[in-house]
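Quick note: residue numbers are just sequence positions, from 1. From a predicted model like this one, the values you see are computed outputs, not experimental measurements. The basis for the numbers below is simple: all heavy atoms, side chains too, and nothing from hydrogens, waters or symmetry mates.
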Amino acid sequence: MTSHVPVPRLPQHFTGPTVLVTLVGPDRVGVSTRLFGVLDAFPLEVIDVEQLVVRGQLILSVLVTEPVEDAGTSALDTAVTALGPELGLAVSIERGTGDNRPRRVGRAQVVVLGAPLRPRALAALTEQIRTDGGNIDRIVRMARYPVTAIRMEVSGADPDVLQATLARVAYEHGVDVAVQENGIRRHAQRLVVMDVDSTLIQGEVIEMLAAHAGCEAEVAAVTERAMRGELDFAQSLHARVAKLEGVPVSALDEVYASLTYTPGARTMIRTLKRLGYRFALVSGGFTPIIARIAEELGIDYFRANDLEISGGVLTGRVLGTVVDRAGKATALREFAEHAGIPVKNTVAIGDGANDLDMLAAAGLGIAFNAKPTVRDQARTSVNVPYLDTIVYLMGITREEVEEADASDLS
């Protein structure tokens with residue numbers, strides 16, 4: 001049994017002499033065990049450890065207190081340096097004072113999505129972080145496909161400033177970026193509130209119904225203008241629904257059967273529900289369709305518009321108050337209250353101008369493949385056609401998603 005000189009417990013802000021040992025080279029089994037075994041022969045304390053393996057190449061850094069004088073500095077250097085030839089690794093030893101440099105105030109998580117992700121984009125983003133006074137403390141990969149997702153932990157910059165400046169740089173380089181303030185809230189249970197048409201599903205339900213009335217192109221043109229914010233949503237909805245007068249109610253079943261979910265939608269919902277997330281659908285579409293989607297996907301809450309039906313056909317009228325731009329934000333707050341989840345812990349996803357209030361109200365509002373006016377006003381924008389990229393913004397890696405799916409099959 002090794003005899004040790006007692007080492008007193010370190011204060012919170014250690015300011016004494018320290019030694020940083022770093023091993024670099026081809027990864028192999030037992031490197032960390034071997035290094036800690038060597039260090040254990042000296043009266044020192046481990047302050048920090050970080051290890052990274054990229055394509056079989058290892059970087060292992062261990063920060064320890066300088067051994068007390070009677071152990072001898074040269075003895076530690078000799079023992080650690082001897083690991084180089086033994087393990088086939090380059091060894092460096094650096095002396096300094098105190099713990100790691102304290103992270104500056106203003107901590108944020110910056111996630112970059114690219115398909116493809118070019119070095120030029122990362123260079124521009126990291127330069128902007130530096131310009132904003134930020135320091136990148138850590139970079140890790142979240143996913144390689146269907147998009148490349150990189151997470152950077154940044155300190156020293158105002159997250160709100162980063163969000164604005166990095167969004168501009170990202171747009172110029174054809175990538176997406178999301179900034180969230182780091183903190184314990186990021187790990188809390190969340191409520192995800194989604195638009196349906198052109199977000200959860202591909203296409204617009206009202207246009208599919210209009211096809212049964214022979215006026216699809218006309219209705220689609222009005223929908224496009226409404227989603228761009230050029231028309232009042234409620235007025236445009238009443239005008240479009242009026243075109244559906246006489247459409248048989250069976251058309252609702254046919255439209256539902258023809259729906260196509262956005263790629264990654266089921267994966268996103270399945271993954272986040274495993275973690276206790278709640279889900280809600282808030283749609284300017286119609287209850288007979290939205291209710292069935294909610295049941296199929298296990299959605300907790302939904303709100304949509306009610307169509308008047310008489311004699312087995314649509315009358316061309318909407319019943320009750322239209323779920324418009326303001327109504328979506330109201331629904332988000334009400335669902336959050338019912339679920340007992342703070343509004344700051346909500347995530348909203350949408351693509352149209354009628355989603356803007358909802359995106360602004362949420363703790364994290366995401367414009368998903370949105371119209372330009374929406375993308376420009378939203379704090380976060382995702383412009384790749386995969387809804388499951390949202391999980392990377394929640395700090396979940398692709399490997400964790402696949403591992404969870406595989407365990408369900410076993």
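In this structure a side-chain-to-backbone donor-acceptor pair under 3.5 Å is missing from T262 to A265. Looking only at distances, a side-chain donor or acceptor of K273 sits under 3.5 Å from a matching main-chain atom of G298. When atom types are taken as modelled, the side chain of E153 and the backbone of R138 share no donor-acceptor pair closer than 3.5 angstrom. Without hydrogens or angle criteria, T199 side chain to G350 main chain gives no donor-acceptor distance under 3.5 Å. A donor-acceptor contact shorter than 3.5 Å links the side chain of S407 to the backbone of A404. At distances below 3.5 Å, not a single donor-acceptor pair connects side-chain atoms of N305 with backbone N or O atoms of L319. D158 contributes a side-chain N or O that, together with a main-chain N or O of D160, makes up a donor-acceptor pair within less than 3.5 Å. Judged purely by atom type and a 3.5 angstrom limit, D27 has no side-chain atom pairing as donor or acceptor with the backbone of G56. Checked by atom type and distance alone, the side chain of R240 pairs as donor or acceptor with a backbone atom of S236 at under 3.5 Å. A donor-acceptor pair under 3.5 Å links the side-chain atoms of Q180 to the main chain of L393, judged by distance alone.
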Could you walk me through whether D408 and R274 pass the salt bridge (charged side-chain N to carboxylate O under 4.0 Å, His left out) check? CA-CA 11 Å; D408 283 352; R274 286 190 180 107; 2.4 Å; yes
Take K243 and E207 through the test salt bridge (charged side-chain N to carboxylate O under 4.0 Å, His left out) and record every step on the way to the result. CA-CA 10 Å; K243 301 289 185 182; E207 295 172 15; over 6 Å; no
Working note: I269 + M194, criterion side chain to side chain contact (heavy atoms under 4.5 Å, CB included); need CA distance, chi angles, decisive distance, verdict. CA-CA 11 Å; I269 295 170; M194 291 185 289; 4.1 Å; yes
Verify side chain to side chain contact (heavy atoms under 4.5 Å, CB included) between L237 and I206, making sure each step is shown before the conclusion. CA-CA 9 Å; L237 181 68; I206 195 167; 4.1 Å; yes
Show the numbers, then the answer: is there a side chain to side chain contact (heavy atoms under 4.5 Å, CB included) between H173 and R118? CA-CA 9 Å; H173 289 272; R118 304 290 190 190; over 6 Å; no
D405 and R270: side chain to side chain contact (heavy atoms under 4.5 Å, CB included), yes or no, with the steps? CA-CA 9 Å; D405 285 344; R270 180 174 66 248; 2.9 Å; yes
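Residues D388 and T271 form no side-chain contact, since every pair of their non-hydrogen atoms from C-beta on lies 4.5 Å or further apart. Looking only at side-chain heavy atoms (C-beta outward), M142 and M394 stay at 4.5 Å or farther from each other. Contact of the Q51 side chain with the V53 side chain is registered, since non-hydrogen atoms from C-beta on lie closer than 4.5 Å. D176 has its side chain out of reach of V111: every pair of non-hydrogen atoms, C-beta onward, lies at least 4.5 Å apart. Considering only heavy atoms from C-beta on, V196 stays 4.5 Å or farther from F302 through its side chain. Residues F335 and V282 have side chains in contact (heavy-atom distance under 4.5 Å, counting atoms from C-beta outward). In this structure the side chain of I349 reaches within 4.5 angstrom of the side chain of M268, judged on heavy atoms. Side-chain contact between T22 and E94 is absent, with no heavy atoms from C-beta onward closer than 4.5 Å.
Of all heavy-atom pairs between L332 and A361, the closest is CD2-CB, 4.5 Å. Among all heavy-atom pairs drawn from V255 and V205, the shortest one is CG1-CG1, 4.1 Å. For the pair F233 and G284, the tightest heavy-atom approach, listed with the atom from each and the gap, is CZ-CA, 3.8 Å. Residue V347 comes nearest to A362 through the heavy atom pair C-CB, 4.2 Å, listed as atom of the first residue, atom of the second, then distance. Residue E204 comes nearest to S198 through the heavy atom pair OE2-OG, 2.8 Å, listed as atom of the first residue, atom of the second, then distance. The two residues V19 and I93 come nearest to each other via the heavy atoms CG1-CG2, 3.6 Å.
A distance of 9.5 Å separates CG of L191 from CG of N345, quoted to the nearest 0.5 Å. Annotation: the span from Y277 atom OH to I341 atom CD1 amounts to 9.5 Å, rounded to 0.5 Å. Put simply, CZ on F279 and CG on L297 are 9.5 Å apart, with the number rounded to the nearest 0.5 Å. Atom-to-atom distance recorded for L259:CG and Q202:CD is 10.5 Å, nearest 0.5 angstrom. A distance of 11.5 Å separates OH of Y392 from CD1 of I150, quoted to the nearest 0.5 Å. Note that CG of L244 and CZ of F286 are 6.5 Å apart. Values are rounded to the nearest 0.5 Å.
Using a 4.0 Å cut-off between charged side-chain N and carboxylate O, R168 and E172 make a salt bridge. The pair R292-E295 does not meet the salt-bridge criterion, since no charged nitrogen lies less than 4.0 angstrom from a carboxylate oxygen. Salt-bridge annotation for R95 and D77: present, with a side-chain N of the basic residue lying under 4.0 Å from a carboxylate O of the acidic one. Residues D137 and R107 are not paired through a salt bridge, judged by the lack of any N-O separation under 4.0 Å between the basic side chain and the carboxylate. Using a 4.0 Å cut-off between a side-chain N of Lys or Arg and a carboxylate O of Asp or Glu, K328 and D357 do not qualify as a salt bridge.
When each of D48, L63, T97 is checked for a side chain to side chain contact (heavy atoms under 4.5 Å, CB included) with T18, only L63 meets the rule. Here the options are V49, L89, L52, V24, the test is side chain to side chain contact (heavy atoms under 4.5 Å, CB included), and the partner is L60; only V49 passes. Between D351 and the choices K371, R228, R375, the salt bridge (charged side-chain N to carboxylate O under 4.0 Å, His left out) rule is met once, by K371.
The number of heavy atoms from other shown groups lying within 6.0 Å of CD (E334) is above 12. By the 6.0 Å contact criterion, NE2 on H338 is open, its count of non-hydrogen atoms from other residues, nucleotides or ligands being 12 or less. Counting heavy atoms of neighbouring residues, nucleotides and ligands inside a 6.0 Å radius, atom CD of E86 exceeds 12 of them. Crowding of Y256 atom OH: a count of heavy atoms from other residues, nucleotides or ligands under 6.0 Å exceeding 12.
Cation-pi geometry between R398 and Y145 is met: under 6.0 angstrom from the ring centre, within 45 degrees of the axis.
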